[in-house]
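The analysis underlying the following values was restricted to heavy atoms, covering all of them including side chains, and did not include hydrogens, waters or symmetry mates.
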Amino acid sequence: MVVDTGSSLSWLQCSPCRIYCHDQVGPVFDPAASASYRPVSCSESECNSLESATLNPSACSLDDVCIYQASYGDRSFSVGYLSKDVLSLGSGQRFAGFVYGCGQDNEGLFGRSAGLIGLARNKLSLLSQLAPSLGYSFSYCLSTAASTGYLSIGSYNAGQFSYTPMQSSSLDNSLYFVRLTSITVGGRGLPVSSSAFTGTPTIIDSGTVITRLPSNVYAALSSAIAAALREYPRQPAYSILDTCFRGSLSRLAVPAVAMVFQGGATLRLAPRNVMIDVDGSTTCLAFAPARRVAIIGNKQQETFSVVYDVGRSRIGFAAGGCG
């Protein structure tokens, strides 16, 4: 499953895949094989709450089953039946009546995942449904290809993290807003005003790959990286990545980059969190300019333990969470 803090509804591909299911690792879930499965009717409260969770209106099938549509910023989407079943966790705990989507048309950039775990703050998210039993917090470490990550719901080791307070925003009260206060390259702050950071709302999102920064902050970061890597030949832009160099990441002397948040919590980025190999001969800065909202993406979060303590309205970071 894709772990997504930027959306609330969890869903998985379900047979008979009436329209389309992408290739996934392992078998597609068959609700007909589950004695505890049941579809949610159009008159149930969860169906009425669906639009607040997905920002899309619900629909109703001819046989009175609630239909969801979950759509994402990269134009990927899932459409299917809102459902309930027993959710079992690796710890052996079981939760009856878990609400999720049984996807019948699932298209876009989901890789070979079976679906998506929604961890935003709407009441239909996996977090909100489990919080009364496990507590209103979760933590994860997003692994690289050479390591193994984790997702944990509930209690965590509070002492290992440095924290930044969650911010509120009228844009979407289900998302996790933070305040980025500065970025340093080689120990030196970028030559931009503090308002350049605070003038654009910023969310942290495990479901977005590339971090988006306010445009003038991004321009300053791009210039600082280009100056530090001036001995390496430049390469043309690759999609949204426009600060690119010839060679692989392992051969570049990437400067130390740190992202500092309100309260002092800091992501001290390794070269793999700063640059990304886009093909065999090109490496690009793994940041891009933002539009309306800045986003701390998963490339920058890789190998850090990140805790979302919603109960105490704070987000914490700890280095070395998973290799």
Side-chain angles (χ1 to χ4, degrees), residues 1-22 24 28-29 31-32 34 37-85 87 95-111 113-132 136 168-177 201 203-208 212 290-293 295 310:
M1 304 284 281
V2 173
V3 175
D4 187 15
T5 61
S7 66
S8 290
L9 182 70
S10 300
W11 60 267
L12 69 162
Q13 302 198 112
C14 288
S15 63
C17 298
R18 294 185 183 277
I19 298 176
Y20 179 77
C21 285
H22 56 262
Q24 70 171 62
V28 173
F29 178 66
S34 172
Y37 170 87
R38 75 171 185 84
V40 172
S41 71
C42 300
S43 60
E44 292 183 66
S45 61
E46 292 88 356
C47 189
N48 295 329
S49 302
L50 199 51
E51 186 166 2
S52 67
T54 64
L55 305 183
N56 295 309
S58 61
C60 195
S61 72
L62 293 176
D63 50 356
D64 193 42
V65 176
C66 184
I67 297 174
Y68 75 88
Q69 177 181 338
S71 54
Y72 306 95
D74 60 6
R75 299 185 180 178
S76 302
F77 65 86
S78 173
V79 178
Y81 303 121
L82 196 64
S83 307
K84 290 184 178 181
D85 209 332
L87 173 67
F95 300 88
F98 176 71
V99 180
Y100 67 102
C102 212
Q104 300 296 320
D105 186 12
N106 317 294
E107 302 185 38
L109 303 177
F110 301 116
S113 68
L116 182 145
I117 297 173
L119 288 172
R121 290 191 278 183
N122 181 272
K123 63 184 180 181
L124 288 184
S125 75
L126 181 140
L127 173 65
S128 296
Q129 291 187 64
L130 302 190
Y136 213 169
S168 59
S169 173
S170 59
L171 291 176
D172 188 334
N173 60 13
S174 74
L175 299 179
Y176 299 102
F177 287 86
I203 64 170
I204 181 168
D205 180 14
S206 65
T208 294
R212 270 70 161 187
R291 294 177 182 171
R292 281 195 320 139
V293 178
I295 304 171
V310 181

Can you tell me how far the [atom1] atom of [X] sits from the [atom2] atom of [Y], to the nearest 0.5 Å?
| X | Y | atom1 | atom2 | value |
| --- | --- | --- | --- | --- |
| R212 | I203 | CZ | CD1 | 10.0 Å |
| S52 | N122 | OG | CG | 4.0 Å |
| L12 | L116 | CG | CG | 10.5 Å |

**Report entry** Residue pair S78 / Y72, side-chain donor-acceptor N/O under 3.5 Å
**Finding:**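 Looking only at side-chain atoms, Y72 and S78 do not form any donor-acceptor pair under 3.5 Å.
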Minimum heavy-atom distance [X]-[Y], with the two atoms named:
| X | Y | answer |
| --- | --- | --- |
| R121 | L175 | NH2-O, 2.9 Å |
| F177 | P201 | CE2-CB, 3.8 Å |
| C21 | N106 | SG-ND2, 3.6 Å |
| S76 | F110 | CB-CZ, 3.5 Å |
| C102 | P31 | SG-CG, 4.0 Å |
| Q129 | L124 | NE2-O, 2.9 Å |

Using side-chain heavy atoms (C-beta onward) and a distance below 4.5 Å, is [X] in contact with [Y]?
| X | Y | result |
| --- | --- | --- |
| L127 | V310 | yes |
| Y68 | C47 | no |
| L82 | S58 | no |
| R292 | L171 | yes |
| Y20 | R18 | no |
| L130 | L87 | yes |
| Q104 | C14 | yes |
| S113 | H22 | yes |

Query raised in the report: Picking from I117, D205, L119, what satisfies side chain to side chain contact (heavy atoms under 4.5 Å, CB included) with D4?
Result: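 Exactly one option meets the side chain to side chain contact (heavy atoms under 4.5 Å, CB included) with D4, and it is D205.
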Query raised in the report: Do C42 and C60 have their SG atoms under 2.5 angstrom apart?
Result: yes
Counting N and O atoms only, with roles assigned by atom type, does the side chain of [X] sit under 3.5 Å from a partner on the main chain of [Y], one being a donor and the other an acceptor?
| X | Y | answer |
| --- | --- | --- |
| S10 | Y100 | no |
| S71 | F77 | no |
| T5 | S206 | yes |

Query - Listed partners of D85 passing side chain to side chain donor-acceptor pair (under 3.5 Å), at least two apart - result: S34, S36
Query raised in the report: Sequence neighbours excluded, which residues qualify as side chain to side chain donor-acceptor pair (under 3.5 Å) partners of S49?
Result: K123
**Report entry** N173 atom CG, over 12 foreign heavy atoms within 6.0 Å
**Finding:**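 It does not: N173 CG has 12 such atoms or fewer within range.
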Requested in this report: Scan residues 72-84 for pairs that pass salt bridge (Lys or Arg N to Asp or Glu O under 4.0 Å), counting only residues two or more places apart or in two chains.
Outcome: E44-K84, E46-K84
